[in-house]
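Since the structure comes first, as structure tokens, the remarks are kept for the end.
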Amino acid sequence: MGVPEYIQRMRKHVGHDLLWLPSVSAVVRNDAGELLLGKRADDGRWSVVSGVVDPGEQPATAVVREVREETGVDVEPVRLASVVSHPYTYPNGDRCEYLNLGFECRWLGGTARVNDDESEAVEWFPPDRLPDLDAHARLVIAQALAPAERAYFLPVGAVWDDRTDVR
């Protein structure tokens with residue numbers, strides 16, 4: 001899908017200056033225990049599937065959408081595994097600081113394939129034979145694979161309102 005329209009509008013005002021953006025990352029395992037990774041079209045690096053949360057969109061909904069858009073794979077988020085802020089500078093000079101929510105996701109179906117212009121390749125990798133990954137991708141994967149309790153997040157498709165029971 002590329003750069004969302006609202007970010008393109010902001011870039012007209014701020015140029016390459018820093019933007020603070022919410023994002024999600026998906027650590028997806030198939031039935032063989034392999035991890036789904038995408039090779040980014042912008043910098044040629046392998047990474048977990050990630051993307052920006054659109055205004056009004058819940059993070060769990062965003063992670064399902066991003067995985068489907070970028071890989072053609074359907075997933076279910078099962079656990080919020082990490083919440084970290086990290087900087088990223090794109091090859092064109094655009095600077096972002098992402099507040100990233102890393103989700104452990106269950107593969108529901110679909111065949112992994114390049115599904116948009118954001119990826120050069122999409123592949124399943126055994127956890128012990130991952131390609132070179134940046135520090136953020138390694139952290140998100142490590143946290144998603146670590147045993148932990150399920151974290152709270154709004155279910156897929158939920159809409160926030162004043163009556164939502166938040167603990």
Side-chain angles (χ1 to χ4, degrees), residues 1-28 36-108 110 112-122 133-141 143-144 151-166:
M1 180 172 173
V3 179
E5 181 184 328
Y6 75 96
I7 293 177
Q8 292 175 14
R9 287 194 314 268
M10 286 191 294
R11 286 284 175 211
K12 288 180 183 176
H13 298 284
V14 302
H16 297 299
D17 285 349
L18 183 68
L19 290 179
W20 173 254
L21 298 169
S23 67
V24 291
S25 293
V27 177
V28 183
L36 180 64
L37 300 176
K39 189 173 186 181
R40 299 173 57 107
D42 58 4
D43 66 8
R45 296 200 57 161
W46 286 97
S47 189
V48 291
V49 178
S50 300
V52 174
V53 179
D54 289 335
E57 183 178 41
Q58 292 298 327
T61 303
V63 79
V64 169
R65 175 184 53 78
E66 285 291 342
V67 174
R68 185 178 301 124
E69 283 178 0
E70 293 184 22
T71 71
V73 169
D74 292 316
V75 299
E76 174 188 18
V78 295
R79 181 173 68 90
L80 179 62
S82 62
V83 178
V84 296
S85 172
H86 71 98
Y88 189 82
T89 301
Y90 288 88
N92 71 354
D94 286 353
R95 294 175 40 238
C96 295
E97 176 82 18
Y98 287 108
L99 175 59
N100 183 263
L101 306 174
F103 285 90
E104 174 188 5
C105 295
R106 180 181 3 267
W107 173 72
L108 298 177
R113 66 187 184 285
V114 173
N115 210 39
D116 66 12
D117 61 354
E118 294 181 47
S119 300
E120 292 179 3
V122 175
L133 299 168
D134 67 21
H136 176 258
R138 289 191 313 270
L139 180 142
V140 171
I141 290 170
Q143 294 304 312
Y152 175 82
F153 58 92
L154 289 173
V156 173
V159 177
W160 182 269
D161 65 26
D162 291 339
R163 295 175 303 278
T164 303
D165 178 24
V166 178

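The analysis underlying the following values was restricted to heavy atoms, covering all of them including side chains, and did not include hydrogens, waters or symmetry mates. Just so you know, these numbers come straight off a predicted model, no measurement behind them.
To the nearest 0.5 angstrom, Leu108 atom CG is 9.0 Å from Arg68 atom CZ. In this structure, CD in Glu66 is found 12.0 Å from OG1 in Thr61, a value given to the nearest 0.5 Å. The distance from the CD1 atom of Ile7 to the NZ atom of Lys12 is 13.5 Å, given to the nearest 0.5 Å. Once rounded to the nearest 0.5 Å, the distance linking CZ of Phe103 with CG of Leu80 reads 5.0 Å. Note: Asp42 CG to Asn92 CG = 8.5 Å, rounded to the nearest 0.5 Å. Of the inter-residue distances, the one linking Arg40 atom CZ with Ser47 atom OG reads 6.0 Å to the nearest 0.5 angstrom.
Closest of all the heavy-atom pairs between Leu18 and Cys96 is CD1-C, 3.5 Å. Closest of all the heavy-atom pairs between Ser82 and Val140 is OG-CG2, 4.0 Å. Shown here for Asp54 and Tyr6, the closest heavy-atom pair between the two residues is OD1-CE2, 3.8 Å. The heavy-atom pair separating Ala144 from Ala81 by the smallest distance is CA-CB, 3.6 Å. Among all heavy-atom pairs drawn from Val122 and Arg113, the shortest one is CG2-O, 3.7 Å. Nearest heavy-atom pair, Val84 versus Leu139, reported as atom, atom and distance to 0.1 Å: CG1-CD2, 3.9 Å.
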(message) Evaluate Asp134 against Arg45 for salt bridge (Lys or Arg N to Asp or Glu O under 4.0 Å), listing each step before the verdict.
(response) CA-CA 8 Å; Asp134 67 21; Arg45 296 200 57 161; 5.4 Å; no
(request) Evaluate side chain to side chain contact (heavy atoms under 4.5 Å, CB included) for Arg65 paired with Glu57, printing each intermediate quantity in order. (result) CA-CA 10 Å; Arg65 175 184 53 78; Glu57 183 178 41; 2.8 Å; yes
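Residues that satisfy the side-chain hydrogen bond (donor to acceptor under 3.5 Å, both in side chains) test with Glu76, not counting sequence neighbours, are Arg106. Every side chain to side chain contact (heavy atoms under 4.5 Å, CB included) that Ser50 has, sequence neighbours left out, goes to Ser25, Val48.
The closest side-chain heavy-atom distance from Val28 to Val49 is not below 4.5 Å. Between Val63 and Gln58, the closest side-chain pair of non-hydrogen atoms is not below 4.5 Å. Proximity of Pro77 to Val64: side-chain heavy atoms (C-beta onward) are separated by under 4.5 Å at one or more points. Residues Trp107 and Leu36 are not in side-chain contact: their nearest non-hydrogen atoms beyond the backbone lie 4.5 Å or more apart. Considering only heavy atoms from C-beta on, Ile141 comes within 4.5 Å of Leu37 through its side chain. Counting only heavy atoms from C-beta outward, the side chains of Tyr98 and Pro87 never approach each other to under 4.5 Å.
The existence of a salt bridge linking Arg11 and Asp94 is confirmed by a sub-4.0 Å separation between a basic side-chain nitrogen and an acidic carboxylate oxygen.
Donor-acceptor pairing under 3.5 Å is recorded for the side chains of Asp43 and Tyr88. A donor-acceptor pair shorter than 3.5 Å can be found between the side chains of His136 and Asn100.
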